[in-house]
Amino acid sequence: MRLPAHLYVHVPLCRSKCAYCDFYSLPLSSATEGTTAVANSLAAQALAWLDRDVAPRPLRSVYIGGGTPSVLGADLARLVEVLTSSFPLEPDVEVTIEANPESLDRNLVEALARAGVTRVSLGAQSLDDTVLAFLERPHDAAAVRAAARAVHEAGLALSLDLICGIPGQTAQSWIDTVNGAINLGPEHVSVYPLSIEAGTPLAAAVAIGDVQEPDPDVAADMMLLAQHVLGQAGLERYEVANYARRGAESRHNTAYWTGMPYLGVGPGAHGMLDVETAAAVGFVSARTPGVARLRYAVACDLSAGLTPMPRVDTESLSRVEAAREDVMLGLRLVRGVHEEDIVAAGVASVIDGLAEDGLVELVDHRWRTTERGWLLGNEVFGAVWAGE
Ligand code: SF4
């Protein structure tokens, strides 16, 4: 029994709140004791895992997400330094930080590279200033280009996040954004359709008719276009929303989709442990029968979620549920799931039904989503998780 080989750290702060966002993040001004105190608390919570009664495993990936980790500035580089000098690491460990263009300059990128960061996931979202203003992003397209240049000049891998299906976003705007993103030379691109999340300013604007509800058919056309154009540029889709040059797939996110345990640190972070480790750290009773896997979420609270041993909510999964979850997550990947794993998870009849509906297909003994199944992913994943 050893600690997971993957570590996620959540920085719950942003320069300001974007109109569509329901992630757990607070405006920078909420960190009343300053960014240094937040970074120190995150480091202390991560290091507390090394004091528990479970031997660490060399980390294969570290991912600092948010929120906007780059708002921590030089404190982010110090946090990375603490993590990479305290945890045992695989020699080729992947260390990713999420950043926003308005808070990532050349000095910070260089400090991050010196601290051990290998990869920057840049929240670009669009290269159209009108679209960025509509989303209430705190940056313009010029800032995206400048930040991308800085990442390359520091020799780090670049991933760009893009959003499609935005009300008012024209087909030409989307084509220009995808082509503009390719011109920035990323190794990895993520493409998400805009989703209207309850409680956001955008949801309120849609509810009163100020903003038109996104059209899923328009979003689907934009996703198909992105797949085509990115593929021609050598960025192949390997997951529902993710594209990469060969060998540049996100190791950290692939761990999520392949059922690997991972530590989650920081307010709002999620983690997943095998049952032996969960019992050893007291998240589940060693005598709880039938539990195979434990998911936990650190309290969404800048006080309770930032202590070395924070309050966590836990969810236990039985062996059957864990197997179904593995299939559900595995179907997110273009390579799909081996037919034997489908049978072992007890979802063969579900998959047969999805195949009849043209949502999945069997290729070389692996079940994977068809193009229609990719675009209707939630239907596929929901059916597998429900087991019916
Ligand atoms: S920068 Fe990202 S996490 Fe922060 S408010 Fe905007 S979308 Fe949400």
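Both ligands and their constituent atoms are indexed starting at 1 by order of listing. Values in this document were obtained by computation on a predicted structure and should not be read as measured data.
Closest non-hydrogen pair, Arg251 versus Val93, comes out as NH1-CA, 4.1 Å. Of all heavy-atom pairs between Trp385 and Glu321, the closest is CZ3-O, 3.3 Å.
Close contacts between ligand 1 and Thr68 involve ligand atoms 1 (S), 4 (Fe) [criterion: under 4.0 Å to a heavy atom]. Listed by number with element, the atoms of ligand 1 under 4.0 angstrom from any heavy atom of Cys14 are 1 (S), 3 (S), 4 (Fe), 5 (S). Taking every heavy atom of Arg137 and a limit of under 4.0 angstrom, the matching atoms of ligand 1 come to 1 (S), 2 (Fe), 6 (Fe), 7 (S).
With atom 1 (S) of ligand 1 as the reference point, the heavy atom nearest to it among Asp161, Asn100, Ile163 is part of Asn100. Considering Ser16, Ala19, Gly67 only, the shortest heavy-atom separation from atom 3 (S) of ligand 1 involves Gly67.
A donor-acceptor contact closer than 3.5 angstrom links the side chains of Tyr20 and Arg137. A donor-acceptor contact closer than 3.5 angstrom is absent between the side chains of Glu94 and Tyr63. Between the side chains of His10 and Tyr8, at least one donor N or O lies within less than 3.5 Å of an accepting N or O. A donor-acceptor pair shorter than 3.5 Å cannot be found between the side chains of Ser103 and Asn100. No hydrogens or angles considered: nothing links the side chains of Asp22 and Thr200 as a donor-acceptor pair under 3.5 Å.
Neither the backbone nor the side chain of Arg15 comes within 4.0 Å of ligand 1, counting heavy atoms alone.
In terms of protein heavy-atom proximity, atom 8 (Fe) of ligand 1 is closest to Cys21 SG, 2.3 Å. Looking only at heavy atoms of the protein, atom 7 (S) of ligand 1 is closest to Tyr20 OH, 3.4 Å.
Not one N, O or S atom of Cys18 sits under 2.8 Å from atom 4 (Fe) of ligand 1.
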